[in-house]
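Predicted model, so just to flag it, every value in this text is computed and none were measured. Just so you know, these numbers use all the heavy atoms, side chains as well, and skip hydrogens, waters and symmetry mates.
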Amino acid sequence: VILSIKENIMDEKISVIVPVYNVEQYLERCVESIINQTYKNLDIILVDDGSTDSSGKLCDELAKKDDRIKVIHKENGGVSEARNIGIDSATGEYVIFIDSDDYINEEMLSELYSQIKKENADVSVCGVMNVYENNHTPQARNINEYLILNNEEFLREYLKGERVPGGIWNKLIKASIAKAIKFPVGRIYEDAYYHYELIKLAKRYVVTTKPLYNYYHREGSLTEGCYKKRDLSCIDIYTKFYDYALNNSLSTKEEAFFRLSYSYFVILDKMLLQDDYKKIEDYDEIVGFLKKNAFKIFRNNIFRTGRRIAAITLLINIKLYRMLLFKNIKNSKKVHD
């Protein structure tokens with residue numbers, strides 16, 4: 001089987017979709033990591049989403065260097081719209097999305113393709129390396145695991161978020177499935193919405209925890225910083241996952257509750273970055289959920305110890321919780337800066 005895969009390694013095309021918006025200092029690194037893949041039969045689609053820096057021009061220059069690259073220029077409409085346009089233009093048998101400020105190991109597409117063919121899977125997944133200014137940290141504690149999962153097993157790992165990280169960019173997907181799903185235009189946490197549809201269509205998954213995708217953590221991400229109303233998308237999508245687990249009598253209720261509760265923590269922590277956090281419209285509802293479920297969170301072993309203790313701290317005193325939050329942020333910056 002492995003021999004036949006190697007013999008036909010160039011037979012099937014992989015469409016690589018890269019949404020581009022104001023990433024002039026990262027784009028070349030990203031695209032170079034794609035064109036230097038050991039897997040050569042690629043359809044590379046750069047979607048310039050109305051960049052206001054030189055990213056659009058750089059896309060055109062890169063396309064001149066490699067005839068596998070095609071560039072689509074469009075008015076700014078967000079990453080979901082850019083990816084959807086990329087999907088519509090894809091000609092490969094398989095599709096993968098790469099973010100333009102990230103980069104991938106040269107063997108990544110070859111390994112993902114070999115896995116998906118060997119296991120006759122719908123989706124092939126690799127591990128993620130979290131890249132900071134001064135260090136690199138793999139997402140998975142064990143980077144040598146190899147898993148074959150059905151969609152319920154995949155959902156469990158996705159909700160836990162360690163062996164199957166939550167981004168869409170480390171997953172090679174059959175084009176017939178990828179083209180049947182659209183990213184939600186106008187929402188953030190678009191990857192979670194995409195996964196919600198993916199688990200309904202894809203039945204078989206193969207996963208390696210080897211960190212072949214390099215996720216670069218930079219300041220200014222849409223999902224970082226103080227609270228904005230749009231952040232409630234996080235709770236919305238993980239409520240859908242939770243309801244899906246309950247309504248379909250899945251064995252992933254504990255994992256779904258973990259992810260839903262975690263989304264409430266994400267929103268609360270953003271709110272607490274503001275001095276007038278108690279005046280925020282949705283503050284009482286967010287705190288109310290976490291206080292109501294504090295002991296349930298404390299008993300959920302998927303949460304790390306610090307977060308479980310934080311739930312009880314929140315029940316006792318919000319100011320103490322906020323003080324610990326700022327301390328953790330400060331310590332995290334010391335580690336990664």
### Query
Are a donor atom and an acceptor atom from the side chains of Asn214 and Asn105 found within less than 3.5 Å of each other?
yes

### Query
Tell me, do Val95 and Ile14 make a side-chain contact under 4.5 Å, heavy atoms counted?
no

### Query
Would you call Asp282 and Lys229 a salt bridge, taking side-chain N to carboxylate O under 4.0 Å as the test?
yes

### Task
Any chance you could lay out the side chain to side chain contact (heavy atoms under 4.5 Å, CB included) test for Thr208 and Val125, step after step, and finish with the verdict?
CA-CA 6 Å; Thr208 175; Val125 184; over 6 Å; no

### Message
If we check side chain to side chain donor-acceptor pair (under 3.5 Å) with Asp102, which of these qualifies: Tyr215, Tyr216, Tyr213?
### Response
Tyr213

### Message
If you count heavy atoms of other groups shown closer than 6.0 angstrom to NZ of Lys57, is the number above 12?
### Response
no

### Message
Show the nearest heavy-atom pair for residues Glu24 and Ser54, with the distance to one decimal.
### Response
OE1-OG, 2.5 Å

### Query
Any donor and acceptor pair, going by atom type alone, linking the side chain of Glu190 with main-chain N or O of Val185 inside 3.5 Å?
no

### Message
Between Phe183 and Phe97, is the ring centroid distance below 6.0 Å?
### Response
yes

#### Entry: Criterion side chain to side chain contact (heavy atoms under 4.5 Å, CB included) on Phe154 and Ile199, from CA distance to verdict
CA-CA 8 Å; Phe154 175 82; Ile199 59 167; 3.9 Å; yes

### Query
Short question: side chain of Ser261, backbone of Phe258 - any donor-acceptor pair under 3.5 Å?
no

### Query
So Leu272 and Tyr227, side chain to side chain contact (heavy atoms under 4.5 Å, CB included) or not? Walk me through it.
CA-CA 8 Å; Leu272 293 180; Tyr227 170 75; over 6 Å; no

### Task
Could you tell me whether Arg156 and Glu153 have a side-chain N and a carboxylate O separated by less than 4.0 Å?
no

### Query
Does Asn170 use its side chain to pair, donor to acceptor, with the backbone of Cys126 at less than 3.5 Å?
yes

### Task
Answer yes when Asp60 and Lys65 have at least one side-chain N-carboxylate O distance shorter than 4.0 Å, and no when they do not.
no

### Message
Apply side chain to side chain contact (heavy atoms under 4.5 Å, CB included) to residues Ile72 and Ser89 and explain how you reach the verdict.
### Response
CA-CA 9 Å; Ile72 299 171; Ser89 302; 3.3 Å; yes

### Task
Treating Ile, Leu, Val, Met, Phe, Trp and Tyr as nodes and any side-chain heavy-atom pair under 4.5 angstrom as an edge, say whether Leu268 and Leu315 lie in one connected cluster.
no

### Query
Do Glu152 and Ser251 meet the criterion of a side-chain donor-acceptor pair at a distance under 3.5 Å?
yes

### Query
Does Arg259 make a cation-pi contact with Tyr262, if we ask for NZ or CZ under 6.0 Å from the ring centre and within 45° of the axis?
yes

### Task
Give the minimum heavy-atom separation between Asp191 and Gly167, together with the two atoms involved.
OD2-CA, 3.4 Å

### Task
Find out if a path of hydrophobic residues (ILVMFWY) with successive side-chain heavy-atom gaps under 4.5 Å connects Val206 to Ile96.
no

### Task
Using a strict cut-off of less than 4.0 Å between a Lys/Arg side-chain nitrogen and an Asp/Glu carboxylate oxygen, indicate whether Lys117 and Asp11 qualify as a salt bridge.
no

### Query
Is there side-chain contact between Val79 and Tyr21, with at least one heavy-atom pair below 4.5 Å?
no

### Query
Are Ile104 and Leu27 grouped together when hydrophobic residues (ILVMFWY) are joined by side-chain heavy atoms under 4.5 angstrom apart?
yes

#### Entry: Hphob cluster co-occupancy, Leu324 + Phe265, side-chain heavy atoms under 4.5 angstrom
no

### Query
Can you list the steps and then say if Asp269 with Arg307 is a salt bridge (charged side-chain N to carboxylate O under 4.0 Å, His left out)?
CA-CA 12 Å; Asp269 291 355; Arg307 186 59 78 175; 3.3 Å; yes

### Message
Tell me every residue that passes salt bridge (charged side-chain N to carboxylate O under 4.0 Å, His left out) with Arg163, counting only those two or more places apart in sequence or in another chain.
### Response
Glu145, Glu157

### Task
Could you tell me which non-hydrogen atom of Pro165 sits nearest to which non-hydrogen atom of Lys171, and how far apart they are?
O-NZ, 2.8 Å

### Task
Write down the atom of Lys253, the atom of Leu246, and the distance for their closest heavy-atom approach.
CD-CD2, 3.6 Å

### Any Asn36 side-chain heavy atom under 4.5 Å of Ile34 side chain
no

### Query
His136 and Asn130: side-chain donor and acceptor closer than 3.5 Å?
no

### Message
Measuring from atom OG1 of Thr313 to atom NZ of Lys319, what distance do you get when rounded to the nearest 0.5 angstrom?
### Response
16.0 Å

### Task
Starting at CG of Asp53, measure out to CG of Asn22 and round the result to the nearest 0.5 Å.
4.0 Å

### Heavy atoms from other residues, nucleotides or ligands near NZ of Lys292 exceed 12 (cutoff 6.0 Å)
no

### Message
When you compare the side chains of Tyr146 and Glu119, does any donor N or O come within less than 3.5 Å of an acceptor on the partner?
### Response
yes

### Query
For the atom pair CD (Glu93) and CD1 (Ile116), what is the distance rounded to the nearest 0.5 Å?
11.5 Å

### Message
Any donor-acceptor pair under 3.5 Å linking the side-chain atoms of Thr91 with those of Asp43?
### Response
yes

### Task
Could you state whether Tyr277 and Tyr321 fall into the same hydrophobic cluster, counting links through intermediate Ile, Leu, Val, Met, Phe, Trp or Tyr residues with side-chain heavy atoms under 4.5 angstrom apart?
yes

Identify all side-chain donor-acceptor contacts of residues 236-245 below 3.5 Å with residues at least two apart in sequence or on another chain.
unit_1: Asp236; atom_1: OD2; unit_2: Tyr193; atom_2: OH; d: 2.5
unit_1: Tyr238; atom_1: OH; unit_2: Tyr158; atom_2: OH; d: 3.4
unit_1: Thr239; atom_1: OG1; unit_2: Ile235; atom_2: O; d: 2.7

### Cation over ring face, Arg308 and Phe298, 6.0 Å, 45°
yes

### Message
For the CD atom of Glu254 and the CG atom of Asn300, what is their distance to the nearest 0.5 Å?
### Response
4.5 Å

### Query
Is a donor on one side and an acceptor on the other found under 3.5 Å between the side chain of Ser263 and the backbone of Leu260?
yes

### Message
Counting C-beta onward and ignoring hydrogens, is there a side-chain heavy-atom pair between Tyr283 and Ile318 closer than 4.5 Å?
### Response
yes

### Message
Using side-chain heavy atoms (C-beta onward) and a distance below 4.5 Å, is Lys210 in contact with Glu111?
### Response
yes

### Message
So Gln274 and Ile280, do their side chains get closer than 4.5 Å, heavy atoms only?
### Response
yes

#### Entry: Phe326 CZ: over 12 foreign heavy atoms closer than 6.0 Å
yes

### Message
Under a 3.5 Å threshold, yes or no: a donor from one side chain and an acceptor from the other, between Asn293 and Tyr264?
### Response
no

### Message
For a 4.5 angstrom cut-off between non-hydrogen side-chain atoms, does Val287 reach Lys278?
### Response
no

### Query
Between the side chains of Glu12 and Tyr113, is a donor N or O closer than 3.5 angstrom to an acceptor N or O?
yes

### Task
Determine whether Tyr205 and Asn150 make a side-chain contact, defined as any pair of heavy atoms from C-beta on separated by less than 4.5 Å.
no

### Summary
For Lys182 and Asp88 the tightest heavy-atom approach is NZ-OD1, 2.7 Å

### Message
Check this for me, if you would: do Asp122 and Lys174 make a salt bridge, where the nitrogen-to-carboxylate-oxygen distance has to be below 4.0 angstrom?
### Response
yes

### Query
Under 6.0 Å from the CG atom of Asp275, do we count more than 12 heavy atoms belonging to anything else shown?
no

### Message
Would you compute the distance between atom CD of Gln37 and atom CE of Met108 and round it to the nearest 0.5 angstrom?
### Response
7.0 Å

### Query
Side chains of Glu106 and Thr38: donor-acceptor distance under 3.5 Å anywhere?
no

### Smallest separation among heavy atoms of Gly77 and Asp49, with atom names
N-OD1, 2.9 Å

